[in-house]
Amino acid sequence: MVPTSEEQRVNTGPATHEVTNQAPPLAPYDASDDTALLEGLRREGAGWAEEELRRLGRQAGSVQAQEWAELANRHEPELRTHDRYGNRVDEVEFHPSWHHLMRTAIAEGLAASPWADDRPGAHVARSAGGLVWGHTEAGHGCPTSMTYAAVPALRRQPELAKVYEPLLTSREYEPGLRVPSEKRGLLAGMGMTEKQGGSDVRTNTTTATPTAEPGVYTLRGHKWFTSAPMCDVFLVLAQAPGGLSCFLVPRVLPDGTRNTFRIQRLKDKLGNRSNASSEPEFDGTVAWLVGPEGQGVKTIIEMVNCTRLDCVMMSAALMRKSLVEAGHHVRHRSAFGARLVDQPAMRNVLADLALESEAATTLTLRLAGAADRAIRGDAGESAFRRIATAVGKYWVTKRGPAFTAEALECLGGNGYVEDSGMPRHYREAPLLSIWEGSGNVNALDVLRALSREPGTAEALFAELALARGADARLDAAVTRLKNRLPEASQTTARRLVEQTALTLQASLLVRHAPPAVADAFCATRLGGDWGYAFGTLPEAADLGTIVERALPGGD
């Protein structure tokens with residue numbers, strides 16, 4: 001049918017789907033354009049790494065790296081239990097984007113390389129790198145974190161460390177299951193939790209039977225959560241004749257045969273979907289003892305301290321990424337005649353998120369500095385690290401889900417759509433509170449440290465004393481904290497840890513952040529001039545200064 005002239009006029013009229021008032025793509029951007037991050041890097045002794053961090057920041061915010069992140073999560077890992085001939089292989093296949101992310105992370109020293117770096121601040125530089133590279137995606141941070149954390153535990157068995165540590169600290173990423181000693185670089189995982197016990201690892205039922213060869217055992221049992229099953233070696237807890245012990249389990253044995261590591265299934269998780277988390281079964285699995293029999297928890301505890309720091313770091317990175325996304329959107333979106341960023345209600349939300357993000361970043365770098373100095377023999381920093389890492393792990397990871405939800409809401413309906421990337425951040429956030437001990441586990445660990453290791457309380461209050469007299473609200477909070485300690489119990493453990501975390505964050509901001517940031521944080525988090533949701537800062541808060549400091553490139 002030939003259209004009439006009227007129909008032709010209608011069809012060639014103004015476009016009905018013209019795109020207006022939408023934010024342009026964020027990428028490319030510089031993920032290291034973060035004043036609090038760079039100041040903390042220098043303050044904690046790793047200023048020498050700033051140039052490399054800035055280069056990594058540009059790469060993390062590149063169109064290519066952001067695409068790798070999206071693709072690695074869209075194309076999830078797939079379990080292949082058998083090859084075409086029926087042979088058991090127990091392999092997990094990943095999208096090429098996963099390997100691009102992993103290769104970059106390993107090459108940039110975000111796995112175990114700081115253990116081979118004698119420069120003071122090497123561990124701080126790694127955490128700062130994680131804060132920046134965390135702008136890509138979180139899943140591949142799991143194997144890099146476990147590889148980092150495996151080294152101090154492995155050192156409990158020097159003959160094994162001599163073989164494996166040079167390969168774990170390598171900056172070469174070489175995927176695929178082969179004899180570990182024949183590869184240029186290795187990744188490490190860990191297998192602790194079992195279905196009947198979870199965090200209560202002393203109830204593990206996996207057994208370890210000694211063989212005729214000294215230090216060599218065979219394992220039989222089933223692990224409930226073992227992430228990154230394509231790692232080369234695993235630190236595993238099992239019941240030996242002398243009690244719960246730690247073992248090194250390679251996927252491939254020295255003679256080239258596959259060790260028994262039957263992957264029953266991959267977990268169907270809320271988030272962290274680019275990373276494979278599995279249930280492996282051991283049956284005659286060959287393992288090497290790490291540390292003495294019966295001291296499995298003591299052997300592996302240093303690994304836990306390292307991965308807990310990474311949980312804090314990853315939560316802080318997720319907060320920062322979500323804040324940058326929200327800030328970018330409100331700078332370019334207008335409503336009711338003005339840009340969103342210029343509207344007081346939205347500016348209050350953004351400033352409140354900025355306070356939370358800076359407090360998380362500053363605490364992360366302080367913890368990394370403590371770890372670096374403790375590793376180098378500083379007893380005071382070791383005691384501070386012991387309590388402050390558990391405190392930070394509890395609080396910063398708890399703040400993640402609420403933070404990402406509020407940042408998502410800044411985008412409105414656009415933030416609820418998968419294309420925005422915000423739903424992926426929101427699904428990721430709860431994991432970091434669960435991994436390496438949920439909230440109760442960490443809160444009770446703080447109580448344990450305070451009751452059994454008196455030096456930890458002394459180290460904590462020595463840190464807080466560095467800001468004494470600078471802010472009356474902070475001084476009052478320190479006094480309240482001291483008064484609460486004698487009354488601490490399991491019932492009130494969470495409140496004690498929350499108060500400790502906020503007081504510690506406030507002390508760091510009072511010492512190191514601009515007055516506008518420190519004053520607003522103390523007024524709200526310590527002084528009670530705050531509501532129950534983000535965006536409830538008081539009228540007196542200097543919202544403009546806070547937002548301008550937080551957003552890349554200024555406001």
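- The shortest heavy-atom contact between Leu101 and Ala72 is CD1-CB, 4.0 Å.
- Trp530 places no side-chain N or O within 3.5 Å of a backbone atom of Pro538 that could act as its donor or acceptor partner.
- Using a 4.5 Å heavy-atom cutoff, the side chains of Leu431 and Leu270 are not in contact.
- Put simply, the side chain of Arg427 reaches to within 4.5 Å of the side chain of Arg424, judged on heavy atoms.
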Apply side chain to side chain contact (heavy atoms under 4.5 Å, CB included) to Phe534 and Arg399, showing your working. CA-CA 11 Å; Phe534 286 107; Arg399 300 299 287 157; 3.1 Å; yes

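- Judged by distance alone, the side chain of Thr479 and the main-chain N or O of Asp475 form a donor-acceptor pair under 3.5 Å.
- No side-chain heavy atom of Leu37 sits under 4.5 Å from any side-chain heavy atom of Glu50.
- Other residues, nucleotides and ligands contribute at most 12 non-hydrogen atoms within 6.0 Å of the CZ atom of Arg202.
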Go through the steps for Glu428 and Arg273 under the test salt bridge (charged side-chain N to carboxylate O under 4.0 Å, His left out), then give the verdict. CA-CA 9 Å; Glu428 186 70 33; Arg273 300 187 71 89; over 6 Å; no

Show me the side-chain donor-acceptor pairs of residues 505-514 shorter than 3.5 Å, one per line, residues at least two apart or across chains.
from   : atom 1 : to     : atom 2 : distance (Å)
Gln505 : NE2    : Ala359 : O      : 3.4
Ser507 : OG     : Leu504 : O      : 2.7
Arg511 : NH1    : Glu463 : OE2    : 2.9

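- The main-chain N or O of Gly535 is found under 3.5 Å from a side-chain atom of Asp352 such that the two form a donor-acceptor pair.
- Classification of Glu358 and Arg549 as a salt-bridged pair holds, one side-chain N sitting under 4.0 Å from a carboxylate O.
- For the salt bridge (charged side-chain N to carboxylate O under 4.0 Å, His left out) with Glu302, the qualifying choice from Arg385, Arg386, Arg155, Arg308 is Arg385, the only one to do so.
- The distance from the CG atom of Leu309 to the OG1 atom of Thr364 is 7.0 Å, given to the nearest 0.5 Å.
- Heavy-atom minimum distance, Ala477 versus Gln499: O-NE2, 3.6 Å.
- Atoms CE and OG, on Met146 and Ser227 in that order, are 5.5 Å from each other to the nearest 0.5 Å.
- The backbone N or O of Ala65 sits less than 3.5 Å from a side-chain atom of Ser62, completing a donor-acceptor pair.
- Judged purely by atom type and a 3.5 angstrom limit, Asn73 uses its side chain to pair as donor or acceptor with the backbone of Ala69.
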Can you check side chain to side chain contact (heavy atoms under 4.5 Å, CB included) on Leu350 and Leu323, steps first, answer last? CA-CA 8 Å; Leu350 207 62; Leu323 174 64; 3.9 Å; yes

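- Taking the charged nitrogens against the carboxylate oxygens, Asp118 and Arg376 have no contact shorter than 4.0 Å, which rules out a salt bridge.
- A side-chain N or O of Ser32 and one of Asp30 form a donor-acceptor pair less than 3.5 Å apart.
- Proximity of Arg58 to Pro28: side-chain heavy atoms (C-beta onward) are nowhere separated by under 4.5 Å.
- Looking at Asp342, its side chain never comes within 3.5 Å of a backbone N or O of Ala338 through a donor-acceptor pair.
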Quick one: do Arg43 and Leu365 satisfy side chain to side chain contact (heavy atoms under 4.5 Å, CB included)? Show the steps, please. CA-CA 9 Å; Arg43 185 170 59 246; Leu365 293 170; 5.6 Å; no

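- Judged by distance alone, the side chain of Lys393 and the main-chain N or O of Asn305 form no donor-acceptor pair under 3.5 Å.
- In this structure, Arg494 forms no cation-pi arrangement with Tyr394, as its terminal cationic atom is not both closer than 6.0 Å to the ring centre and no more than 45° off the ring axis.
- Sorted by first and then second residue, the side-chain hydrogen bond (donor to acceptor under 3.5 Å, both in side chains) pairs with a member in residues 102-113 read Arg55-Glu108; sequence neighbours excluded.
- Annotation: side chain of Met346 is not in contact with side chain of Val341 (no heavy-atom distance under 4.5 Å).
- When every heavy atom of Glu453 is checked against every heavy atom of Thr456, the shortest pair comes out as O-OG1, 2.7 Å.
- In this structure, CD1 in Ile387 is found 6.5 Å from OG1 in Thr500, a value given to the nearest 0.5 Å.
- Atom CG of Leu485 sits about 6.0 Å away from atom CG of Leu496, to the nearest 0.5 Å.
- The aromatic rings of His328 and His332 are tilted relative to each other, their planes meeting at an angle between 30° and 60°.
- Within the model, atoms SG of Cys311 and CG of Asn442 stand 8.5 Å from one another, a figure rounded to the nearest 0.5 Å.
- In terms of heavy-atom proximity, Leu474 sits nearest to Ala467 at CD2-CB, 3.6 Å.
- In this structure the side chain of Glu44 reaches within 4.5 angstrom of the side chain of Arg373, judged on heavy atoms.
- Ring pair Trp68/Trp133 is perpendicular by interplanar angle, where above 60° counts as perpendicular and below 30° as parallel.
- Residue Asp310 is tested with Ser145, Ser315, Cys142 for a side-chain contact (heavy atoms from CB on, under 4.5 Å); the sole match is Ser145.
- Counting non-hydrogen atoms of other residues, nucleotides and ligands closer than 6.0 Å to CZ of Arg480 gives a total above 12.
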Dump the intermediate steps for side chain to side chain contact (heavy atoms under 4.5 Å, CB included) on Arg156 and Lys298, then the final yes or no. CA-CA 10 Å; Arg156 296 292 298 272; Lys298 185 176 181 179; 4.1 Å; yes

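- For the pair Met313/Val396, no side-chain contact is recorded, criterion being any heavy-atom separation below 4.5 Å from C-beta on.
- For the pair Glu325 (side chain) and Gly421 (backbone), a donor-acceptor distance under 3.5 Å is absent.
- For Asp372 (side chain) and Gly121 (main-chain N/O), a donor-acceptor pair under 3.5 Å exists by modelled atom type.
- When all heavy atoms of Thr536 and Asn348 are compared, the pair lying nearest together is N-OD1, 3.4 Å.
- A heavy-atom distance below 4.5 Å is not found between the side chains of Leu318 and Phe403.
- Atom CD of Glu70 has more than 12 neighbouring heavy atoms from other residues, nucleotides or ligands inside a 6.0 Å radius.
- From Leu460, atom CG reaches atom CG of Leu450 across 7.5 Å, with rounding to the nearest 0.5 Å.
- Pairing each heavy atom of Leu168 with each of Thr147, the nearest pair is O-CG2, 3.7 Å.
- Comment: Arg366 engages Glu381 in a salt bridge, judged by a side-chain N to carboxylate O separation of less than 4.0 angstrom.
- A donor-acceptor pair under 3.5 Å links the side-chain atoms of Glu137 to the main chain of Gly139, judged by distance alone.
- The number of heavy-atom neighbours closer than 6.0 Å to OH of Tyr173, taken from other residues, nucleotides and ligands shown, is above 12.
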Could you walk me through whether Arg473 and Asp519 pass salt bridge (charged side-chain N to carboxylate O under 4.0 Å, His left out), step by step? CA-CA 9 Å; Arg473 294 158 299 192; Asp519 181 70; 2.7 Å; yes

